[in-house]
Amino acid sequence: MASLFSGRVLIRNNSDQDELDTEAELSRRLENRLVLLFFGASTCPQCQAFVPVLRDFFVRLTDEFYVLRAAQLALVYVSQDPTEEQQDLFLRDMPKKWLFVSFEDDLRRDLGRRFSVERLPAVVVLKPGGDVLTHDAAEEIRRLGPACFANWQEAAEVLDRSFLQPEDLDEPPPRSLTEPLRRCKYRVDRTAWGPGGPGGGGGSGTGDWADGRARRLF
């Protein structure tokens with residue numbers, strides 16, 4: 001997963017806005033995790049309605065107030081805000097564990113093209129290896145809340161270290177009866193990456209929002 005951001009800088013949404021600018025730092029934050037790429041904008045009415053749901057979803061899975069151990073989940077905000085000031089204002093009320101792409105980085109637009117984002121808000125769910133698990137999970141998050149994480153986790157075969165006992169290390173944990181259905185629903189569409197694999201591009205285009213209407217961005 002870190003290879004998706006190789007040579008780039010991700011920033012933590014904490015008070016110091018710490019930069020993750022080395023492969024080792026990126027790996028520590030993204031290894032063996034499902035990664036949500038959240039495409040949104042503070043000026044988008046639909047995003048304004050969705051953000052409280054997404055924030056609650058993330059907090060209930062990662063905040064120790066709700067869970068004994070944070071879920072293996074990372075979220076990267078890919079801003080479509082028109083100005084950096086609006087991006088900063090938006091992030092001020094978001095979880096400190098969120099990561100975001102620098103406003104000056106062209107990666108904000110490149111990711112939209114690569115994953116064929118056409119509407120805002122959009123949540124692309126990536127497996128730890130970088131393959132797409134689902135192209136837009138926004139509606140699923142609205143409908144199921146934190147419960148949908150277990151479906152993603154099993155479909156992506158993310159190792160849940162919280163529940164793996166030492167005596168189980170020699171044998172893989174049993175698979176659930178619903179796994180074949182989840183594999184079918186979340187099957188990987190490798191054509192979305194283009195001929196070059198995860199770094200190869202090949203998306204169609206993305207959309208922007210202004211005054212509540214969608215228009216082409218990329």
Side-chain angles (χ1 to χ4, degrees), residues 1-13 19-23 25-27 29-44 46-47 50-51 54 58 72-82 84 87 90-91 94 98-141 148 152 155-158 185-210 214-218:
M1 176 58 70
S3 62
L4 180 63
F5 302 101
S6 180
R8 306 286 188 162
V9 175
L10 290 182
I11 305 171
R12 292 185 62 192
N13 189 40
E19 295 185 353
L20 310 180
D21 55 2
T22 68
E23 297 296 329
E25 289 174 319
L26 289 171
S27 293
R29 292 289 172 182
L30 304 177
E31 182 183 9
N32 192 42
R33 283 175 169 81
L34 290 169
V35 176
L36 308 186
L37 301 181
F38 171 41
F39 296 82
S42 60
T43 55
C44 162
Q46 290 80 359
C47 295
F50 175 65
V51 161
L54 180 63
F58 184 85
Q72 284 153 279
L73 180 72
L75 186 147
V76 179
Y77 177 53
V78 187
S79 168
Q80 306 301 305
D81 295 290
E84 186 172 10
Q87 173 185 284
F90 172 81
L91 287 170
M94 297 302 111
W98 279 20
L99 306 173
F100 64 95
V101 179
S102 171
F103 188 82
E104 293 82 8
D105 197 332
D106 291 339
L107 184 63
R108 293 191 305 119
R109 292 184 177 274
D110 294 342
L111 289 173
R113 295 190 186 98
R114 180 173 300 176
F115 296 107
S116 303
V117 174
E118 298 179 348
R119 302 282 185 187
L120 298 181
V123 179
V124 178
V125 182
L126 302 179
K127 296 172 68 173
D131 291 323
V132 177
L133 191 62
T134 179
H135 284 281
D136 190 0
E139 182 55 37
E140 189 174 6
I141 291 171
C148 63
W152 302 342
E157 297 182 324
V158 173
K185 179 178 179 181
Y186 297 110
R187 64 184 181 275
V188 173
D189 181 7
R190 294 184 180 276
T191 60
W193 292 106
S204 61
T206 69
D208 189 15
W209 291 89
R215 59 185 175 86
R216 305 300 295 180
L217 245 187
F218 305 108

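We count residues from 1, following the sequence as given.
A 4.5 Å side-chain heavy-atom check between Arg33 and Leu73 finds every atom pair outside the cut-off. At a threshold of 4.5 Å between non-hydrogen side-chain atoms, the residues Leu111 and Phe39 count as touching. Residues Ile141 and Val123 form a side-chain contact, since some pair of their non-hydrogen atoms from C-beta on lies under 4.5 Å apart. Taking 4.5 Å as the limit, some side-chain heavy atom of Glu84 sits within range of a side-chain heavy atom of Glu104. Put simply, the side chain of Leu126 reaches to within 4.5 Å of the side chain of Phe115, judged on heavy atoms. Side-chain contact check for Pro121 versus Gln46: some heavy-atom pair is nearer than 4.5 Å.
Among residues two or more places apart in sequence or in another chain, the salt bridge (Lys or Arg N to Asp or Glu O under 4.0 Å) test is passed with Asp105 by Arg8. Under the rule for a ring pair (Phe, Tyr, Trp, His ring centres under 6.0 Å), the partners of Tyr77 that lie at least two apart in sequence or sit in another chain are Phe38, Phe90.
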What's the verdict on side chain to side chain contact (heavy atoms under 4.5 Å, CB included) for Val124 and Thr134, showing C-alpha distance, side-chain angles and the deciding distance?
CA-CA 6 Å; Val124 178; Thr134 179; over 6 Å; no
Stepwise side chain to side chain contact (heavy atoms under 4.5 Å, CB included) check, Val51 with Met94:
CA-CA 9 Å; Val51 161; Met94 297 302 111; 3.5 Å; yes
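A donor-acceptor pair under 3.5 Å links the side-chain atoms of Arg108 to the main chain of Phe103, judged by distance alone. Although no hydrogens or angles enter the test, the distance criterion places no donor-acceptor pair under 3.5 Å between the side chain of Asp81 and the main chain of Ala41. Checking side-chain atoms of Asn13 against main-chain N and O of Leu91 turns up a donor-acceptor pair under 3.5 Å.
Comment: Asp106 does not engage Arg109 in a salt bridge, judged by the lack of any side-chain N to carboxylate O separation of less than 4.0 angstrom.
For the atom pair CG of Leu30 and CD of Gln72, the computed distance is 12.5 Å after rounding to the nearest 0.5 Å. Here CZ of Arg29 is found 4.0 Å from CZ of Arg12. Values are rounded to the nearest 0.5 Å. With rounding to the nearest 0.5 angstrom, the CG atom of Asp136 is 12.0 Å from the OG atom of Ser116. Between the SG atom in Cys47 and the CZ atom in Arg119 there is a gap of 12.5 Å [rounded to 0.5 Å]. Rounding to the nearest 0.5 angstrom, the gap separating the CG atom in Leu75 from the CH2 atom in Trp98 is 5.0 Å. Atom CH2 of Trp152 and atom NZ of Lys127 lie 14.5 Å apart (nearest 0.5 Å).
Side-chain atoms of Glu23 and Ser6 form a donor-acceptor pair, as typed in the model, at a separation below 3.5 Å.
Of the candidates Leu4, Leu36, Leu99, Val76 forms a side chain to side chain contact (heavy atoms under 4.5 Å, CB included) with just one, namely Leu99. Of the options Leu37, Leu10, Val9, a side chain to side chain contact (heavy atoms under 4.5 Å, CB included) to Val101 is made by Leu10 and by none of the others.
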